[in-house]
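Below is one structure, written out as structure tokens; the observations come after it.
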Amino acid sequence: MKIPSVKGFRDVLPNEAAARRILIERARAVLESYGFGEIEIPLMERGELFARSVGSTSDIVEKEMYAFDDRDGTQIALRPEGTASVVRAYLEAGLSRAMPIARLYYLGPMFRRERPQKGRFRQFTQIGAEFLGRDDAEADAETLCLVADICEVAGLSGYRIEVNSLGDGECRPAYREALVEFGRARLADLCDDCKARLERNPLRLLDCKNEACSAVTADAPMMIDHLCEPCRTHHDRVLQLVGELGVELTHNPRMVRGLDYYCRTAFEVSAEGLGAQGAVGGGGRYDGLVAELGGPQLPGIGFAFGLERMQLAAGDDRPELNLDIFVAPMAAEAAGPAMALARRLRREGWKVEIGASDKKLKAQLKRADKVGVRYAILLGPDELESGRATVRNLGARSDHPGCFALDATAEEIGRELEGTN
RNA sequence: GUGAGCGUAGCUCAGUCGGUAGAGCCCCGGUUUGUGGUACCGGAUGUCGCGGGUUCAAGUCCCGUCGCUCACCCCA
């Protein structure tokens, strides 16, 4: 009886892993070019961290989090997102004093117990960044620019960055009331989901996919029209700066973010090829979060990309995992010299596979062809006798008996191999 | 949590009116005892998702169940 993998948890085989690594390296390079340093955060946190940051009534915390009690009774949760941990780590390391302006990025698996579907897994990978300690519009603009640059290097097809302002503690409560009032007046025309949302997360009314709801909320009040003066100024300045940078944004007054901690600038990146899960990434400003987690009144802005969704939107150009050299021992006594030779080449950085000496040469060459090598080095009784290896250039289909001495250095061998082209 | 579609070889799938399991690809071997990709020949592989029912007979019909996929919800 085979033991299957856990629902929503998947394996990444070598060629996909290579494609993921390339994507990650590109994103990493951009993040580091913006001065962000990597922070490694644990997979588990105390459950309360997410209840406090993401919001205890959010679906993520309420029904999607993997949570359990540790043996000493500590309530543990597998992290469903990264921002809370980064802020926690930042406070725990005393960085809020030592480095009040911090640019941190992280990368790794997150866990949410949702029903899997296209581009959505229970274990998924996020690449995220947090820009802490700055509340000026320039920080927002720089962050949006960074987001756009990541989309570019990732090669996302048809990506769009949508922005909105969610207001702040000054203006959002009043707006929220206005929206709830608007919704209550039209309760009968709303879908069941929206009726529930009206009480719990009224802003969500605005992005309901139900057509009837969209019609009802077409003339609903928009946050953008209810911003207080500072929020208004901030938002305008962000848009102006980003515009000057030549980064294209789509203003979406109906866009809302699911996590409690967002305020002011919020954004979402969508791309093609993702099925119903249009979002590859998202983020926003969270000026109250650091204080909420017990730190000083410090602002921050951040975002996260879903790696698996980036993969979908970036297309599936998987790199060939080609090896360089195949060493084919044709007799048991050639196995030792073959391994010694391979080791010398490997130490110089060549990717080398050795065949099994009990396999026929034909089978070994077939394998050599399959793993994509350019050169096969043949070692049989004749070669051991003469002390010189035979090289077969797979591309040129040419044989080179006695091509190089078995005790040649890797450098010399490399030259001889290239000479067969 | 809700809904729909789909489960046959490692993969993609065919399988008629219920009649005892197939193709292509992949893999292995051979044509060539030391020379790969193309070609030709041969070979291996199935609890037809699982359990029950109907029937002389079930991959096929019925019921249940599990799994996968997509969508809702939510989100990256």
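Below, chain A is the first sequence line, B the second, and so on; all start at residue 1.
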Basic-acidic side-chain contact under 4.0 Å: [X], [Y]:
X      : Y      : answer
A:R392 : A:D399 : yes
A:K195 : A:D192 : yes
A:R103 : A:E142 : yes
A:R10  : A:E16  : yes
A:R120 : A:E308 : no
A:E25  : A:R28  : yes
A:R52  : A:E292 : yes
A:D168 : A:R264 : yes

Discussion item. Less than 6.0 angstrom from the centroid, inside 45 degrees of the normal: does A:R186 satisfy that with respect to the ring of A:F182?
Written reply: yes
Using the [atom1] atom as the reference point in each nucleotide, state the distance between [N] and [M] in Å, no decimals.
N     : M     : atom1 : result
B:C25 : B:C40 : P     : 9 Å
B:C74 : B:U65 : C1'   : 28 Å
B:A57 : B:U45 : C1'   : 27 Å
B:G59 : B:G24 : P     : 24 Å
B:C61 : B:C17 : C1'   : 12 Å
B:C66 : B:G49 : C1'   : 8 Å

Practice prompt. Would you give a per-nucleotide map of nucleotides 39-45 of chain B, 5' to 3', where B means the base has a protein non-hydrogen atom under 4.0 Å away, S means only the sugar-phosphate does, and - means neither?
Written response: -------
Item to complete: For nucleotides 71-76 of chain B, just jot down a letter per nucleotide in 5' to 3' order: B, S or -, based on protein non-hydrogen atoms under 4.0 Å.
Response: BBBBBB
Worksheet, complete the sentence: Taken in chain and number order and not counting sequence neighbours, the residues that satisfy salt bridge (Lys or Arg N to Asp or Glu O under 4.0 Å) with A:R344 are none
Worksheet entry | Side-chain donor/acceptor of A:R392 to base of B:G36, under 3.5 Å | yes
Worksheet item: Taking atom types as modelled, is there a side-chain donor on A:R88 or A:S53 under 3.5 Å from an acceptor on the other?
Response: no
Discussion item. Regarding A:E383, tell me which of base, sugar-phosphate or nothing describes its non-hydrogen contacts under 4.0 Å with the strands shown.
Written reply: base
Worksheet item: Counting any heavy atom closer than 4.0 Å, what does A:I127 reach on the DNA or RNA strands: base, sugar-phosphate only, or nothing?
Response: nothing
Worksheet entry | A:H234 and A:R285, any side-chain heavy atoms less than 4.5 Å apart | yes
Item to complete: For A:T265, enumerate each residue passing the side chain to side chain donor-acceptor pair (under 3.5 Å) test, keeping only those at least two apart in sequence or located in another chain.
Response: A:D140
Discussion item. For Watson-Crick and G-U wobble pairs within 3.5 Å on both distances, what is RNA chain B written in dot-bracket notation, | included for inter-strand pairing?
Written reply: (((((((..((((.....[..)))).(((((.......))))).....(((((..]....))))))))))))....
Just the table, please: protein N/O against nucleotides 24-28 of chain B N/O, every pair under 3.5 Å.
from: B:C27; atom 1: OP1; to: A:K370; atom 2: NZ; distance (Å): 2.7

